[in-house]
K.L.:
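Below you'll find the structure I mean.
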Amino acid sequence: MNQDILVVIEHLRGQVSDISYTMLAAGRELAQSTGGSVVAVLLGHNSQNLAGDLAADRVLYVDHPALADFTPEAYQKTLAGLIGENQPRAVLLGHTTIGMDVASGLSAQLGLPLVSSGRSFTADGKFISQICGGKIMAEGDLPGPTALVTMVPGGYKPEQGQSTQPPQLTEASAPALEGLRVALKQYIEPEVSDVDIAREQLLVAVGRGIQNQDNLSLAEELAEAMGGVVCASRPVVDQGWLPTSRLVGKSGKTVKPKVFLAMGISGAPEHVEAITGSDVIIAINTDPAAPIFNVAKYGTTADLFDLVPALTDQIRQAKSG
Amino acid sequence: MNIVVPVKLVPDLVEELTVDASGSALDTAWLRLIINEFDDHAIEQAILLKEQSGGQVVVVSPNAEGVEDMLFTASAKGADQLIKLNGDFEDGVNNHGLARALATLLRDLQPDLILTGVQAHNDLDGSLGPLLAQYLEMPYVGYVSGVTADSGKVVARKEYPGGLIAEMEVTLPAVLGIQAAEQPPRYVAISKVRQAMKTAAIDEQEAATLDPSGGPTVSRMYQPEATEQATMISGSEDEIAARIIDIFKESGVL
Ligand SMILES: Cc1cc2nc3c(=O)[nH]c(=O)nc-3n(C[C@H](O)[C@H](O)[C@H](O)COP(=O)(O)OP(=O)(O)OC[C@H]3O[C@@H](n4cnc5c(N)ncnc54)[C@H](O)[C@@H]3O)c2cc1C
Ligand SMILES: Nc1ncnc2c1ncn2[C@@H]1O[C@H](COP(=O)(O)O)[C@@H](O)[C@H]1O
């Protein structure tokens, strides 16, 4: 075993995901306490060019046609081999649709311990995980011999994991990737819609606190009165009350309006990661402990069903008067 | 198709969460448990698949307060078999331990498809689905929002950020981590749940001794200290509304 930190680079259709850079920054912090190097692991096909700006001591690159696009089984097989050969102190993967598909399987396959929802590391190498929708932090010693950690965004800035100096690249060979039971058939592009919430300046965002579809009219009337657009958290979209094009968050869009008015949204990490670029966040939530108040500039614990109609009324009056 | 849905109850986040005297675990005394919302979608997806192509749906859950209600609700929605797993599910039990216990039970059920919720908000050692898949030597795909059955295979629609979908063809038997069902989970009237309580039976099974190895040990648990805390606005509805309008004006959107 050595003291290196392997960082599994995530990329989708030719673009390195932000979480990869965040993990390189986390890996750097952890490597300082272990005394090892930061080794980026890049799996792909004709993807060497993606390594250019990775802030790593070196890049381990594996090229194979079966790795051209992410599939869980091919990734897991390849990573299992690399981890076995390198025996690092830790392996960082995204707590994402890519990393989470393989981290647990690797843990079970290799008999290595796994920590999920890791957000940062302390100077003495402890992990800090963020769980329960952002309401609880859990800290502990990094388990050994090799800890697998899935990382959430927020603990480091992606820019900290970028470098202008291309790192040294070593090629490693792929294992036999035949007889795979999972195959990518095709990508389906997101539906295009009339509005692009990523470009709007004023967003009225509704969460589960709105209770049902009929109540959405409260938000729509407010948005109309002010010339804004309604968007939503995941439960609202999963219920089919609004189309996916209005979803804000990890699985939806990242927004950066002048004003983001959040009503009945708790502020789960998967939602918050996509709104922090807003100039001003105003949160309406009856729970004073809701994590949304940790990112909002202004907040109120008023009941949205009382406050929103009052707000709409006043705006209408101001506009007509 | 024989579909098994393992379900877990998790703390309701709308309630206040507190850390117990040990300082390293949640205080469970006052915790209200609810179904993991992704499991609700997994049950829905299982029932949709059964409605489309036949088969049966088995719902399995470890014993916890409220588990019977949850199982009977699943039955009222269309689940055919309900299993409660008895064992020592004290805190500290992790997904590694549960996956090993469930793998033994699931092997006997010979499922074609296992649908789990893609994750739970209180996981600290990864999610259960891919652990189960590994122990059962099945393939796994997670973050799935829609499944179509197709002789010996399924096509799973896997979500990527921004609404991009990847259609993955998966050979059965397989485990899928469900993020959202094709349709919102159906609503069942309380009267139907009551009826299920009278007609459906819960099959109780004993879990083998749980082996938690593979998960981390937590030395400290705490509520995050806000680095930035919102300026709170209070007063009557009209006063709050007036202040918010001022903020809109200051921000140049009104
Ligand atoms: C892989 C993955 C991806 C995800 N992607 C996304 C994503 O892209 N976007 C996203 O939003 N979520 C996403 N989630 C889900 C996320 O974890 C949360 O479950 C979700 O954001 C919660 O939505 P919410 O805040 O609307 O609901 P809840 O967490 O249920 O919060 C509702 C809030 O409303 C408040 N409330 C209730 N009644 C009132 C009232 N009358 N007045 C005022 N306030 C009230 C409550 O206090 C509560 O805080 C994802 C999860 C996973 C696992
Ligand atoms: N103890 C358990 N018993 C049954 N199913 C579980 C258990 N733990 C997790 N699951 C399933 O796996 C899903 C993901 O939870 P987790 O693996 O804890 O992220 C849950 O929502 C359930 O579908």
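Per chain, numbering begins at 1; letters A, B, ... match sequence-line order.
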K.L.:
Report the option among V170(B), T171(B), I165(B) that has the most heavy-atom pairs separated by less than 4.5 Å from atoms of chain A.
P.N.:
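The answer is I165(B).
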K.L.:
I'd like to know which of S116(A), G105(A), G140(A) tops the heavy-atom pair count under 4.5 Å against chain B.
P.N.:
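Ranked by contacts with chain B, first place is S116(A).
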K.L.:
What do the steps show when you test I131(A) against D123(B) for side chain to side chain contact (heavy atoms under 4.5 Å, CB included), and what is the final call?
P.N.:
CA-CA 7 Å; I131(A) 56 171; D123(B) 294 340; over 6 Å; no
K.L.:
Tell me whether the NZ or CZ atom of R243(B) lies within the 45° cone about the ring axis of Y298(A) and under 6.0 Å from its centre.
P.N.:
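Yes, R243(B) and Y298(A) form such a contact.
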K.L.:
To check you understand the geometry: which heavy-atom pair defines the closest contact between P130(B) and S104(A), and what is its length?
P.N.:
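So the minimum-distance heavy-atom pair works out to CG-CB, 3.5 Å.
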K.L.:
What's the separation between atom CD in Q223(B) and atom SG in C132(A), rounded to the nearest 0.5 Å?
P.N.:
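Those atoms lie 10.5 Å apart.
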K.L.:
Between K158(B) and T97(A), is any side-chain donor less than 3.5 angstrom from a side-chain acceptor?
P.N.:
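Judged by distance alone, the side chains do pair up.
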K.L.:
Which one wins on heavy-atom pair count under 4.5 Å against chain B: E73(A), M226(A), E189(A)?
P.N.:
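Between E73(A), M226(A), E189(A), the count favours M226(A).
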K.L.:
Let's go through Y140(B) and V182(A) carefully: what are the C-alpha distance in whole Å and the side-chain angles of both, what is the deciding distance for side chain to side chain contact (heavy atoms under 4.5 Å, CB included) to 0.1 Å, and is it a yes or a no?
P.N.:
CA-CA 8 Å; Y140(B) 174 82; V182(A) 180; over 6 Å; no
K.L.:
Donor-acceptor pair, Q314(A) side chain versus D238(B) backbone, under 3.5 Å?
P.N.:
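The answer is yes, because a donor-acceptor pair under 3.5 Å joins these two groups.
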K.L.:
Is L311(A) close to I245(B) at the side-chain level, that is, under 4.5 Å between some pair of heavy atoms?
P.N.:
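When only atoms from C-beta onward are counted, L311(A) and I245(B) do touch, with a gap below 4.5 Å.
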K.L.:
Please answer whether the main-chain N or O of P161(B) pairs with a side-chain N or O of S251(A) as donor and acceptor at a distance below 3.5 Å.
P.N.:
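Side chain of S251(A) to backbone of P161(B): no pair is present.
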K.L.:
Check whether D101(A) reaches the backbone of G142(B) with its side chain - one donor and one acceptor, N or O, closer than 3.5 Å.
P.N.:
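Yes, because the side chain of D101(A) sits within donor-acceptor range (under 3.5 Å) of the backbone of G142(B).
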K.L.:
So, are E159(B) and R234(A) salt-bridged, with charged N and O less than 4.0 Å apart?
P.N.:
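Answer for the salt bridge query: yes.
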K.L.:
Looking at P224(B) and G134(A), what are the two nearest heavy atoms and their distance?
P.N.:
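That would be CG-O, 3.4 Å.
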K.L.:
Would you check if the side chain of K135(A) reaches a backbone N or O of L13(B) as a donor-acceptor pair within less than 3.5 Å?
P.N.:
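Looks like yes, one N/O pair under 3.5 Å.
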K.L.:
Between D287(A) and E16(B), is a side chain to side chain contact (heavy atoms under 4.5 Å, CB included) present by the stated rule, with each step listed?
P.N.:
CA-CA 9 Å; D287(A) 174 9; E16(B) 194 182 341; over 6 Å; no
K.L.:
In the structure I gave you, are the side-chain heavy atoms of F248(B) and L261(A) within less than 4.5 Å of one another anywhere?
P.N.:
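Touching, per the 4.5 Å side-chain cut-off.
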